[in-house]
Amino acid sequence: LLLVGVAIGAMFQFNDRWYRDETIWRAITKYANTRTTVIIGLVAVWLLLKLLSIGWFTLRFFDYRLTRIGDDLRLSSGLFTRISATIPRQRIQFISIHRPLLFRYLGFATIKLETAGGWSQDGEGGTTGATRSWFVPGVPATEVPRLLGELRPGLDWNEQSQAWQPVSRRAG
């Protein structure tokens with residue numbers, strides 16, 4: 001959303017005629033009523049945000065590599081800004097698996113983790129930020145148990161054996 005705000009601000013700053021162009025507004029009001037215009041605008045903004053998200057993801061995780069060197073895990077990724085991080089396995093404190101709706105449909109998952117220590121206060125948060133957020137940005141769901149076994153030897157993960165806890169009826 002920050003990028004959308006910057007883009008809109010730049011359009012207003014550098015070209016104040018783009019939103020006053022009568023041909024655009026004349027075409028919109030001629031072929032659409034107000035409700036349709038709002039719906040089309042919301043869908044266009046949603047699509048733009050999705051495209052920006054895909055672009056960010058591609059730039060951030062371009063040439064993603066995860067290797068194991070001894071008891072440490074090394075990851076590197078990035079197109080314009082290359083981020084590299086070494087993650088000692090014994091410092092991993094929290095592992096979470098995320099499967100959003102689209103990922104579930106496509107059979108993928110993401111793995112995030114948090115490590116003990118390693119957080120820098122003097123502006124060097126680039127590598128530690130990589131270890132505290134996306135660890136594996138996208139992996140087939142069938143590979144998750146194997147990867148978890150590499151992260152924590154002896155960890156037996158079976159998603160089907162996990163008990164589902166529905167939201168309380170009083171949550172609303």
Side-chain angles (χ1 to χ4, degrees), residues 1-66 75-85 94-114 119 123 125-148 151 157-160 162-172:
L1 288 175
L2 178 66
L3 293 175
V4 171
V6 169
I8 290 172
M11 285 192 292
F12 276 99
Q13 184 69 30
F14 298 117
N15 185 3
D16 62 348
R17 292 184 299 157
W18 72 271
Y19 62 92
R20 290 192 223 158
D21 191 359
E22 292 180 15
T23 57
I24 295 172
W25 292 113
R26 198 175 317 133
I28 290 173
T29 55
K30 181 178 179 182
Y31 296 111
N33 61 20
T34 306
R35 186 179 319 152
T36 306
T37 306
V38 168
I39 291 171
I40 290 172
L42 289 174
V43 168
V45 167
W46 181 79
L47 286 173
L48 177 67
L49 287 174
K50 286 296 177 186
L51 289 173
L52 286 172
S53 174
I54 290 169
W56 174 85
F57 196 86
T58 302
L59 293 174
R60 174 90 162 94
F61 296 112
F62 180 80
D63 194 28
Y64 181 87
R65 294 185 190 272
L66 174 64
L75 68 90
S76 63
S77 67
L79 182 60
F80 296 127
T81 303
R82 193 82 180 152
I83 295 176
S84 297
F94 182 74
I95 301 171
S96 62
I97 301 163
H98 297 264
R99 294 186 62 207
L101 182 62
L102 183 60
F103 272 41
R104 277 195 308 264
Y105 179 73
L106 296 173
F108 281 90
T110 61
I111 300 175
K112 294 182 181 182
L113 58 85
E114 289 187 19
W119 191 253
T127 58
T128 56
T131 62
R132 288 183 173 253
S133 58
W134 298 99
F135 177 64
V136 179
V139 64
T142 56
E143 290 291 312
V144 170
R146 185 187 64 77
L147 279 171
L148 292 177
L151 292 173
W157 169 257
N158 184 0
E159 187 174 356
Q160 284 74 28
Q162 302 300 315
W164 170 256
Q165 294 182 342
V167 177
S168 170
R169 284 182 264 135
R170 297 182 315 187

- Message: So, using salt bridge (Lys or Arg N to Asp or Glu O under 4.0 Å) as the criterion, who are the partners of R170 when residues are at least two apart?
- Response: none
- Rounded to the nearest 0.5 Å, what separation is found between the CZ atom of F62 and the CZ atom of F57? 13.5 Å
- Message: I'd like to check the side-chain hydrogen bond (donor to acceptor under 3.5 Å, both in side chains) partners of S76; sequence neighbours left out, ordered by chain and number.
- Response: R82
- Query: Mind checking what makes side-chain hydrogen bond (donor to acceptor under 3.5 Å, both in side chains) contact with T81, not counting sequence neighbours?
  - Reply: none
- Message: Can a donor-acceptor pair be found, under 3.5 Å and without considering hydrogens, that links the side chain of S77 to the backbone of R60?
- Response: yes
- Task: Using side chain to side chain contact (heavy atoms under 4.5 Å, CB included) as the criterion, point out the one residue from L151, I97, I111, L113 that pairs with V136.
- Result: I111
- Could you walk me through whether F108 and V139 pass side-chain contact (heavy atoms from CB on, under 4.5 Å), step by step? CA-CA 5 Å; F108 281 90; V139 64; 5.6 Å; no
- R99 side chain vs A109 backbone, donor-acceptor pair below 3.5 Å: no
- Please list, chain by chain and in numerical order, all residues satisfying side-chain hydrogen bond (donor to acceptor under 3.5 Å, both in side chains) with R65, sequence neighbours excluded. D63
Residues 45-53 side chain polar contacts: donor-acceptor under 3.5 Å, at least two apart:
none

- Worked check of side-chain contact (heavy atoms from CB on, under 4.5 Å) between L79 and T58: CA-CA 8 Å; L79 182 60; T58 302; over 6 Å; no
- Task: Mind checking the CD1-CG spacing from I54 to L59? Nearest 0.5 Å is all I need.
- Result: 12.0 Å
- Task: Go through the structure and list residues passing salt bridge (Lys or Arg N to Asp or Glu O under 4.0 Å) with R146, not counting sequence neighbours.
- Result: E143
- Task: For residues P137 and F61, report the shortest heavy-atom separation together with the two atoms involved.
- Result: CG-CD2, 3.7 Å
